[in-house]
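Before any comments, here is the structure.
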Number of protein chains: 2
Amino acid sequence: MAEQRLNARARLQQAAVQLFRDRGFDGVTAAEIAARAGVTERTFFRHFPDKREVLFDGQAILVEALTSSIADAPEYMGPIDTLFRAFRSVTQLLEDNRSFSKPRQEVISATPALHERELMKLAALSDALATALKARGVPDLQAALAARAGMAAFANATLAWLEDEAQGLGARLDLNEEALRSLF
Amino acid sequence: MAEQRLNARARLQQAAVQLFRDRGFDGVTAAEIAARAGVTERTFFRHFPDKREVLFDGQAILVEALTSSIADAPEYMGPIDTLFRAFRSVTQLLEDNRSFSKPRQEVISATPALHERELMKLAALSDALATALKARGVPDLQAALAARAGMAAFANATLAWLEDEAQGLGARLDLNEEALRSLF
DNA sequence: TCTCTCCTTGTCAGTCACTGACATTAGCCT
DNA sequence: AGGCTAATGTCAGTGACTGACAAGGAGAGA
C-alpha cells in the first residue's frame with residue numbers, strides 16, 4: 001500500500017485526464033475521479049484546491065527553467081532577445097512532454113472554465129518573466145510589456161505546435177518572433 | 001412594479017458592488033445580493049450565468065467602440081498605430097465611468113476568482129481586436145500578436161490610471177506606447 | 001372590456017463543488 | 001511494543017447553480 005500512498009496525486013491526475021477526455025470536464029464529478037484513483041472525494045480536494053487544478057501542475061518546472069535562463073543570459077542582451085532565448089531553452093523540455101500535453105490541451109480548449117484557469121497560469125508565468133527581467137535591470141514598464149508580448153508569442157507557438165506537429169516548436173517560435181518584430 | 005421589472009438587472013449589479021465592497025466577494029452569497037435587490041436567488045441566476053458575471057457587463061460597448069475605431073482607421077496605418085488610435089478614442093468613455101470602474105476594480109483585484117474572469121474578458125477583447133485588424137488585411141499572426149501586445153499596454157495604462165488619477169488615462173497610454181516601442 | 005399570450009419572476013427540489021472537524025490507519029522511530 | 005507523523009476516510013454542512021413548473025403583469029387583439 002506504500003506505493004498507493006505515494007502516487008495518489010499522480011493517479012488522480014491520470015484518472016482526471018482520461019475521464020475528461022471521454023465525458024468532458026463538466027460530465028465528470030470530482031467523486032468519480034477520486035473513485036477511479038481509488039481514493040475519496042475528500043482526498044482529491046486535499047491534493048488539489050479545486051477541480052480544475054488537477055490539470056495544472058507542471059507550471060513550476062517551466063517557470064524555473066525560463067527564469068533561470070533569463071538570469072543566465074548575457075548582460076548586454078535586450079529583453080526581447082533574452083525572452084526568446086529562454087523560450088528556445090525549453091523547447092526540448094516541452095517536446096518531450098508532447099504526448100502528455102496534447103490530450104490535456106484538448107480538454108482545456110474544449111472547456112471555458114479551464115481556458116480561464118489557463119489564462120491565469122499564463123499571466124502568472126508572464127509576471128514571473130517580468131520579475132526576472134527586472135532583476136536584469138530592465139525598467140518595470142518595459143519588463144511587464146516585454147513579458148506579455150513574449151508570452152503571447154510563446155503561447156501562440158506552443159498551441160500551434162500542439163495542434164499540428166508538422167513543424168517543430170522551434171520553427172513555430174521563429175515564425176512568431178519574426179511576426180512580432182515585424183510589427184515595429 | 002413595472003419599474004422594478006425593468007431594473008432588476010441594474011439593481012442586482014448595484015447591490016453586488018456594494019456588498020462585495022463591504023464584505024468581499026466570498027463573504028456575500030448570491031441569495032443576499034438578490035435579497036438586497038428585492039428579487040430571488042433564482043432571478044439572479046437568470047440575469048447572470050454565474051456570480052462573477054454580475055461585475056462584467058460593460059465590455060460590449062468597449063468592444064464596439066474599439067473595433068469600429070479600428071475599422072475606420074486610415075488604410076495606410078500600421079497595426080500598432082491603428083490600435084493605439086483606437087485606445088485613445090475611448091479614453092473619454094472610460095474617464096466618464098471612472099467612479100463606477102474604481103470600486104469595481106478594487107473588488108476584482110482583491111479576488112483571485114474575479115481576476116481570473118477579468119483575464120478571460122481581456123482575452124476576448126484581444127481576440128476581437130485581432131479580428132478587426134485582420135479585416136484590414138493584417139496577416140493572422142501579426143494581428144494576434146499586435147492585439148495581445150496592445151492590450152497589455154492598454155490594460156496596464158488603465159490599471160495605473162485607476163489606481164492613481166494624478167495622470168490622465170491619455171498620459172498613461174503615452175507612457176505605455178513609448179515603452180512598448182522602445183523594446184524593438 | 002375581456003382574453004390570450006409573452007415575459008419575468010417565484011417556488012421547490014436536486015446536484016455538485018468545496019470545507020471543517022474528527023476518527024482511523026500505515027509506516028517509521030525508538 | 002509504543003508512540004509519532006502524514007495521509008486518508010467519514011460525516012455533515014454551505015453555497016453555487018439548474019431544471020421544472022406555477023403565478024402574475026403588460027400589451028395585442030377580438
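Protein chains get the first letters and strands the later ones, always in sequence-line order, with residue 1 at the start of each. Only heavy atoms go into these numbers, but all of them, side chains included; no hydrogens, no water, no symmetry mates.
Chaining together hydrophobic side chains whose heavy atoms lie under 4.5 Å apart places B:Leu119 alongside A:Leu119, A:Met120, B:Met120.
For B:Glu116, the side-chain hydrogen bond (donor to acceptor under 3.5 Å, both in side chains) partners at least two apart in sequence or on another chain are A:Arg52, A:Arg117. Shown here are the salt bridge (charged side-chain N to carboxylate O under 4.0 Å, His left out) partners of A:Arg104, two or more places apart in sequence or in another chain: there are none. With sequence neighbours excluded, the residues forming a ring-ring contact (aromatic ring centres under 6.0 Å, His included) with A:Phe87 are A:Phe84, A:Phe154, listed by chain and number. Considering only residues two or more places apart in sequence or on other chains, B:Phe184 meets the ring-ring contact (aromatic ring centres under 6.0 Å, His included) condition with A:Phe184. Applying the side-chain hydrogen bond (donor to acceptor under 3.5 Å, both in side chains) criterion to A:Gln18, with sequence neighbours excluded, gives A:Arg36. Not a single ring-ring contact (aromatic ring centres under 6.0 Å, His included) links B:Phe45 to another residue, sequence neighbours left out.
For DNA chain C, the neighbouring residues in residues 19-36 of chain A, judged by any heavy atom under 4.0 Å, are A:Val28, A:Thr29, A:Ala30. For DNA chain D, none of the residues of residues 104-124 of chain B falls under the heavy-atom distance limit of 4.0 Å.
Within the structure, no pair that satisfies the ring-ring contact (aromatic ring centres under 6.0 Å, His included) test touches residues 108-133 of chain B, not counting sequence neighbours.
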Under 3.5 Å, which N/O atoms of the protein pair with N/O atoms of nucleotides 18-20 of chain C?
unit_1, atom_1, unit_2, atom_2, d
C:dC18, OP2, A:Lys51, N, 2.5
C:dG20, N7, A:Arg42, NH2, 2.8
C:dG20, O6, A:Arg42, NE, 2.7

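Listed pair A:Thr40 / D:dG9 meets the phosphate criterion, a side-chain N or O lying under 4.0 Å from OP1 or OP2.
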Listed pairs under 3.5 Å, donor-acceptor, residues 162-173 of chain A side chains, sequence neighbours left out:
unit_1, atom_1, unit_2, atom_2, d
A:Asp164, OD1, A:Ala166, N, 2.9
A:Arg172, NH2, A:Asp164, O, 3.2

